Structures are given as C-alpha cells and as structure tokens.
Amino acid sequence: MTSPLDGGVVLVTGASSGIGKEIVVQIADRAAKIIVVARRIERLEALASEVAREGLEVIIKGCDLGDLEATAAMVQEVQASHGPVDVLINNAGLGDLALFEHADWDKLRP
C-alpha cells in the first residue's frame, strides 16, 4: 500500500521555521505538491528555494491561522486551485495535553 505522501498533495502549517520547516525538508523527496502555510512569507520563499527539485511544486500561502476568516479563505482557495489535500500536517499554533475530543475548546479556539 502506498502512503498518501508519495506523489500526494501535502499541506504543512507553521512551515516557516522549526519543526514545520524540517517536516517540509523531510517530505520534499516524496510529495508531488507541498503547500506551505505561515505568516512569514519571506521564510516560506527561502524554504521553497531550499527544497526545489524537478517534479515538486511548492505553493506558498501567507496566512495567520489565528484569523478564522483568513484561514477559511485560504482553505477555499487551496481547494479551488489545487484540489483535495491528501495529507494535512497541522504544525502551527498551540495544542493541549489531552485527546482532542477531551480538549478544552476555549483553550484551542483562536
């Protein structure tokens, strides 16, 4: 069975630095298209140059995911322009130390 990473469309949030950036570097040889999302577009541009290779399309999306309207618009534009996302790596923001279904929504909500 093939992984959805292999030849897939992957969206990575928080891709401008740290763990998100390293995830993009690690999957660049596997994905066909990587959509990188973060607030700092200049860092995303540098990352796109770093992982560039034939057969890989890197799409840069500047978005503050704390802004629900901007996030919804970004998701709609990605779906309209690039079709369905095979893998979402939601690395941006903060989490909680609980199963999602037991998490405090007020703490997780932007």
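Atom set for the values below is all heavy atoms of this structure, side chains included, hydrogens, waters and symmetry mates excluded. All figures in this text were calculated on a predicted structure; none of them were measured in a lab.
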Worksheet item: Counting only heavy atoms not in Ile19, do more than 12 sit closer than 6.0 Å to its CD1 atom?
Response: no
Worksheet item: Around Gln76, counting heavy atoms of other residues, nucleotides and ligands shown, do more than 12 lie under 6.0 Å from its CD?
Response: no
How long is the span from the [atom1] atom in [X] to the [atom2] atom in [Y], to the nearest 0.5 Å?
| X | Y | atom1 | atom2 | result |
| --- | --- | --- | --- | --- |
| Met74 | Gln79 | CE | CD | 10.0 Å |
| Ile59 | His82 | CD1 | NE2 | 4.5 Å |
| Leu44 | Cys63 | CG | SG | 11.0 Å |
| Leu5 | Asp29 | CG | CG | 12.0 Å |
| Ile89 | Ile27 | CD1 | CD1 | 4.5 Å |

Worksheet entry | All pairs passing side-chain hydrogen bond (donor to acceptor under 3.5 Å, both in side chains) where residues 50-64 contributes a residue, at least two apart | Lys61-Glu77
I need the minimum non-hydrogen distance between [X] and [Y], along with the two atoms involved.
| X | Y | answer |
| --- | --- | --- |
| Gly7 | Ala32 | O-CB, 3.4 Å |
| Gly62 | Ile41 | CA-CG1, 3.7 Å |
| Leu56 | Val51 | CD2-O, 3.5 Å |
| Arg40 | Ser17 | NH2-OG, 3.1 Å |
| Leu47 | Ala15 | CD2-O, 3.2 Å |
| Val58 | Ala48 | CG1-CB, 3.7 Å |

When clusters are formed by joining ILVMFWY residues with side-chain heavy atoms under 4.5 Å apart, either directly or through shared neighbours, do [X] and [Y] land in the same one?
| X | Y | value |
| --- | --- | --- |
| Ile23 | Val87 | yes |
| Val36 | Leu11 | no |
| Leu65 | Ile60 | no |

Worksheet item: Do any N or O atoms from the side chain of Ser16 and from the backbone of Arg43 form a donor-acceptor pair under 3.5 angstrom?
Response: no
Worksheet item: Under the 3.5 angstrom rule, does the side chain of Asp86 hit a backbone N or O of Val10 as a donor-acceptor pair?
Response: no
Worksheet item: Quick one: salt bridge (charged side-chain N to carboxylate O under 4.0 Å, His left out) partners of Arg30, sequence neighbours excluded?
Response: Asp6
